Number of protein chains: 4
Amino acid sequence: MNRSVSEGSLVLLFFDLRRQWLIRVDSGRQFHTHKGFIQLADMVGKPFGSEIKSSLGYSFWVLRPTTYDLIMHSARRTQIMYPKDIGLIVLKLALTSGMQVLEIGTGSGAMTVAAATAVKPSGHVHTYESNAEFADVAERNLRRASLSEFVTIHRTDANAGIEGSDFDAAIVDIGDPWTVIPIVHRALVNGAPAVSFSPTMNQVERVACTFRDSGFQNVQTMECFVREIRVETGKTRPVTTMVAHTGYLTFAQKALKEA
Amino acid sequence: MNRSVSEGSLVLLFFDLRRQWLIRVDSGRQFHTHKGFIQLADMVGKPFGSEIKSSLGYSFWVLRPTTYDLIMHSARRTQIMYPKDIGLIVLKLALTSGMQVLEIGTGSGAMTVAAATAVKPSGHVHTYESNAEFADVAERNLRRASLSEFVTIHRTDANAGIEGSDFDAAIVDIGDPWTVIPIVHRALVNGAPAVSFSPTMNQVERVACTFRDSGFQNVQTMECFVREIRVETGKTRPVTTMVAHTGYLTFAQKALKEA
Amino acid sequence: MNRSVSEGSLVLLFFDLRRQWLIRVDSGRQFHTHKGFIQLADMVGKPFGSEIKSSLGYSFWVLRPTTYDLIMHSARRTQIMYPKDIGLIVLKLALTSGMQVLEIGTGSGAMTVAAATAVKPSGHVHTYESNAEFADVAERNLRRASLSEFVTIHRTDANAGIEGSDFDAAIVDIGDPWTVIPIVHRALVNGAPAVSFSPTMNQVERVACTFRDSGFQNVQTMECFVREIRVETGKTRPVTTMVAHTGYLTFAQKALKEA
Amino acid sequence: MNRSVSEGSLVLLFFDLRRQWLIRVDSGRQFHTHKGFIQLADMVGKPFGSEIKSSLGYSFWVLRPTTYDLIMHSARRTQIMYPKDIGLIVLKLALTSGMQVLEIGTGSGAMTVAAATAVKPSGHVHTYESNAEFADVAERNLRRASLSEFVTIHRTDANAGIEGSDFDAAIVDIGDPWTVIPIVHRALVNGAPAVSFSPTMNQVERVACTFRDSGFQNVQTMECFVREIRVETGKTRPVTTMVAHTGYLTFAQKALKEA
C-alpha cells in the first residue's frame, strides 16, 4: 500500500462524522464544501492521515478509505447491503484469500467490493448482473476501489447458466432467488456455504425452504442492526435515528445425500 | 482446501441449529449425543457436506466450519467478541491479505481467528496477552483453526512495549485501554485504522476521548445487534431471546498534525 | 389504596432484580427462598416499602406490585403480551376510565389486567376465551389483581357472536383473527381503535390486509423491543440477553364509507 | 365521548401513515394539503371515522385522536418522551384512575397528557416546569387534549419545594435530577413508584445510584425501541429508518428503613 497520497489516489476527505467524501485526487481540481474549498493538489505527496486546510482555514483530514467507506460511499442504483450485513456474510462464508466466490445479483457492487477484498490476491469473484445499468455502476465502484482484477462481471441472467463450478462460497441478492438456488447448489463445492439477502418478510420463509428443498443444510436466517453512539463529553448518547432494516440474511451449506 | 474429511480434520457436526459441535476427527473415538453416537471413523474419506447416521439412525451432517463457527465454538475463558462485532471490525479496519495487524488483548482469540483469516497467507497478526491462561486458550483456538502460522502471541503486557512498527491496523480489547492507545498510535502506519472494544458505558466516552486526544481522527462508536429468525412453514418468526449486548466498538484512524 | 400490608394483601417481595415474587399475605405461612424464609405474619400492619429480614438475616422489601409486576408475574398457560407491547396498546387505543373494551382471546389475561386498570372504575372489559383452561388462569390472575369486577370473561368463541355493541376499543389476540376482524368492526363505535397481536411474520400481512378490507383505516404495524441496563458503579452496561420477540402489533381505526 | 364531530372538536385528519394532522375543527377554515384542501365545515355533524373528500377528490378520514396521536403531534419546544417510553411508564407506575401524580419537568407535556389520561377523572397530575415557554406549550397541549382540569402546572423549580405530599407516583424528566430525587422520596407515599428519564449514558449510572442512595429499592433501568413494519401485499418489510434513541428509563420504588 502506498503510504502517501499520489495523483489518482482514492482518499476519504474527512471533516466530521456527518461530512466526509470519497474522492479521487486530481491535481487540477478543487473540492468545494460548506467549510471552504480544498486544492486537491495540496494532498499529493502527503502521508495518509495528514491534516489539510480549506480555503476558509478549516481542518480536514486525508484518510485512507476502508472497506466500510468504500461500501457506504458506493455509487448506487439499487438498495445496497450494509457493512453490518456484509461483515456477517464474510464470516459466515469463511471468505479468505484464494477462494472462488460466486455472486448472483451484483447490484451496485457493495458486497462485491467486500468479497473481492476478502479473497484477493489469489481468489476471484464471479458475479452475475443482467441489468446493464447496475453492472456499469458496480464496475465503476470496483475500479474506484482498485479491485477490478479480482472480479469478473457476467452481464447475463444466472438462470441462463453459470460459467465454472467448484465455487467455495455463493452470495445471492436478487428478488426471486427460487430458481437460482438449485443452480447455486450445483455450482458449489460440497459443504460450501451460501447466503441469500431478502428485503421482505414474504421472501424469508420461501428462501429458507428453497434452500432446504434444494439440498442445503444448516439453514439459518438472521437480521442485523447497528446503532451509532454520539460521544460528546458529559453528553454521550446513542444517535437519534438509525437504519431500521436493510434485509434478512439466510445462510446455508451445501449438503450431499447418502448414496 | 481439502474437499474430503481426513484423520485430524476439524468438522462441524450438525444436527440442527441448536445442536451442532466443532470436533476433531479421531478414528478411534465415538462422539456421543442425545440422538445416539457417531463413529468418527465413518467420516474419514467422505466429502464435506455428507450425511452420517448416528447409532440410533438419526441424520447428522459433516460440514466444514466457517469463521463464524470457529468464533461461536471457541473455547473461552473470557467474554468473546461476537461475529456481529468482528464482521464490522473486518470492514472498518479494511483487513485484507498481506496486512500486519496489531492486537492488544488476545482474550480467547475469537477476534484473532478472524483477523488471521482476513490477512493470510502473506499478512500476520501480532497479539499481546499478559494473562497466561487466556494466551493458552487462544493458542489452542488458533491451532484448531489451523491459523497458528499467521499469528504471534506475545505473552507480555503491551504497556511494556510493542515489538515492531508500521502496523496496518490495530485492535484493542482490554479493560483499561487508556495508556495503550498512545502506544497504538505510534505503532501504526499513518492513516491506519484502529478499534477498541468496550463492554461498559463508562468506557465508551473515555475511549473515544482518549483516541481523539492521542492524535486519532474519524472516531466513531457503534453497537451491533443480531436477531435470528426461526423459519417454520406458516409459523416463521424471530426467536424468543437474543444477545442484548457484547460491547461498544470505537473506531478511529491515525492522524498526523501539520508540521 | 391501603397504605399498609394486611392479611390477604398482594405484595411484591423484592430481594433484587432477579429475585422477586408476587405473593398473597397469609399469616399462617412462611415463604422460603435461598436467602432464608420470611414469616408472612411479619408483614401485616407494615407500610408498603418496608424492609423485612429473612430467617438468615437478609433484607427483603415489601413492595406494592405495579401493573408491570402483575403482568410479568402472571400465572400463564399461553405466551403473554409483555409490558412493552401492552404499554403501546394502552396509548394507541386511548384507554381511559369509563371505556367499554372488547377483547377477543383472553389468553392468560395479561392484557386484560392492564385494560381493566386503564378503564376502571366506570369502564368495563368484555373478554372472550373459548379455551376453558386459559379462561380459568385469566380469572385467577384478575382476581389476584383485584380487578374481577371490571371484567366479564365470556367463555365462548367470538365467532359465534359478541354480546353488546358500541365498544370504544378492541383487542384481538388469537391465532386466526381473519373472521373476527369484521365482527370487531361491527361491534365498535365509529372511529374507534383496535389492535391485533400476531407472533408470526406470516400473520402480519394478512392481519393488516384484513383490517383494510374490513373497513378500517390508519392500519399501522409495529414491533417493540426493551433492553435492560445493569447499573453497577463503574461497570454499567446493557444486560447480556433480552427478549428478542413477542409479537407484531397491528393497529387500526374503524372507518365508515360515505353513503 | 361525542360520537360525531362538532365545532371545536379535535380530529386526526388522516390521509396515510405519513400524512396525517391533528386539527381543531373551525367551520370558517379550510385545511390545505398537497392533495387539495378540506372544508372543515364539511366535517361537522359527521360521525368519527367518516370519509371526507378534498377539493381534488382525494379521500381523507376524520378520526378521533388517540393518546398516541396527542403525544406524537404535540406542539414541542423540547425533546419529548415517545409513546414507547410513556406506555412502559404507565404500567411500571401502575397509573390508574384516582391517583395523585407528581411530575417534575413538564417539558412539552407529552408525558403529562398520558398521565392525566390514566388518572382522570378522579386523579390529578401536579407538574413542575420552571421554564415559562415550556410551561406555555404544555398548557396548550393539555388544553387541546381537553385534559387541563386534571393537571396543575406549577411554574416553579421543584428544588424550591413541592406542594402537597402523599403522591402515588412520580415522574422526573429534568437534566439534573440529583437534588430532586430526595424531594421526590419525601413527597411519595411509602412504596410508591417513580421514574426518571435520562437521554445520556452519563446520567444513567448517576440517576440509578441517586435513587438507591435516597432510599429507593427495585431500581431498574431500561430502554425501549419501536420499529414500524410497512405492509404492502407481497412486499411487507420493516421500514427503512427508525428512532434509535430517546432516553433511558430508570424506575424505582420508595422504601422505608426499619426503625
Side-chain angles (χ1 to χ4, degrees), chain C residues 1 3 12 14 17 20 47-51 61-64 66-68 71 83-84 86-94 96-97 114 117-118 120-121 168 189-193 204-205 208-209 217-229 231 233 236 248 253-258, chain D residues 1 3 12 14 17 20 47-51 61-64 66-68 71 83-84 86-94 96-97 114 117-118 120-121 168 189-193 204-205 208-209 217-229 231 233 236 248 253-258:
Chain C
M1 291 193 290
R3 295 191 177 175
L12 185 75
F14 180 83
L17 291 177
Q20 47 183 278
F48 278 98
S50 295
E51 190 180 3
W61 302 88
V62 185
L63 302 177
R64 188 196 304 281
T66 69
T67 318
Y68 181 95
I71 294 166
K84 64 186 181 68
I86 293 174
L88 263 178
I89 291 173
V90 167
L91 301 186
K92 284 286 284 186
L93 267 50
T96 192
S97 183
T117 300
K120 79 185 177 75
D168 297 304
V189 148
N190 292 326
V204 165
E205 185 172 308
C209 292
Q217 287 291 328
N218 198 3
V219 180
Q220 190 178 16
T221 301
M222 51 184 80
E223 65 178 325
C224 191
F225 304 79
V226 166
R227 184 166 73 153
E228 279 188 57
I229 314 293
V231 176
T233 305
T236 295
Y248 300 99
Q253 282 185 275
K254 174 177 178 171
L256 289 173
K257 283 281 177 191
E258 286 257 295
Chain D
M1 291 194 290
R3 296 193 176 172
L12 184 75
F14 179 85
L17 290 176
Q20 47 182 278
F48 279 99
S50 295
E51 190 180 4
W61 303 87
V62 186
L63 302 177
R64 188 195 304 281
T66 69
T67 317
Y68 181 95
I71 294 166
K84 65 186 181 67
I86 292 175
L88 263 178
I89 291 174
V90 167
L91 300 186
K92 284 286 285 185
L93 266 52
T96 191
S97 182
T117 300
K120 81 185 175 76
D168 297 304
V189 149
N190 292 326
V204 165
E205 186 172 307
C209 293
Q217 287 291 328
N218 197 3
V219 180
Q220 190 179 16
T221 302
M222 52 184 79
E223 64 179 327
C224 191
F225 304 79
V226 166
R227 183 165 74 152
E228 279 187 58
I229 313 293
V231 176
T233 305
T236 295
Y248 300 99
Q253 282 185 275
K254 174 176 177 170
L256 288 173
K257 282 279 175 194
E258 285 258 295

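Proteins come first, then strands; the chains are lettered A, B, ... in the order of their sequence lines, and each starts at number 1. This is a predicted model, so every value here is computed, not measured.
The shortest side-chain heavy-atom distance between C:E205 and D:T233 falls under the 4.5 Å cut-off. At least one side-chain heavy atom of D:P83 sits less than 4.5 Å from a side-chain heavy atom of C:L88. Side-chain atoms of D:V204 and C:T236, non-hydrogen and from C-beta on, do get closer than 4.5 Å to each other.
Taking D:Q220, D:E223, D:M222 one by one and counting their heavy-atom pairs under 4.5 Å with chain C, the maximum is reached by D:E223. Heavy-atom pairs under 4.5 Å with chain D were tallied for C:L91, C:I86, C:L12; the largest tally goes to C:L91. Heavy-atom pairs under 4.5 Å with chain C peak, among D:S97, D:A192, D:A118, at D:S97. Comparing D:Q20, D:K84, D:K92 by how many heavy-atom pairs each has under 4.5 Å with chain C, the most go to D:K92.
A donor-acceptor pair is defined here as one N or O able to donate and one able to accept, closer than 3.5 Å; such a pair exists between the side chain of D:Q253 and the backbone of C:R64. No donor-acceptor distance shorter than 3.5 angstrom exists from the side chain of D:T117 to the backbone of C:T96, with no hydrogens or angles considered.
Only the side chain of C:V189 comes within less than 4.5 Å of a heavy atom of chain D; its backbone N, CA, C and O stay farther away. Only the backbone of D:V219 comes within contact range of chain C, judged by heavy atoms closer than 4.5 Å. Proximity to chain C (any heavy atom under 4.5 Å) is shown, for D:I89, by neither the backbone nor the side chain. The contact between C:K120 and chain D is made by backbone and side chain atoms together, counting heavy-atom distances below 4.5 Å.
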D:L17 vs C:N218, side chain to side chain contact (heavy atoms under 4.5 Å, CB included): CA-CA, chis, key distance, verdict = CA-CA 7 Å; D:L17 290 176; C:N218 198 3; 3.6 Å; yes

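Nearest heavy-atom pair across D:T67 and C:A94 is OG1-CA, 3.3 Å.
In terms of the ring pair (Phe, Tyr, Trp, His ring centres under 6.0 Å) criterion, residue partners of D:Y248 (sequence neighbours excluded) are, by chain and number, D:H245.
The distance from the CZ atom of D:F48 to the CG atom of C:L256 is 12.0 Å, given to the nearest 0.5 Å. Residue D:D168 holds its CG atom at 7.0 Å from CZ of C:R3, rounded to the nearest 0.5 Å.
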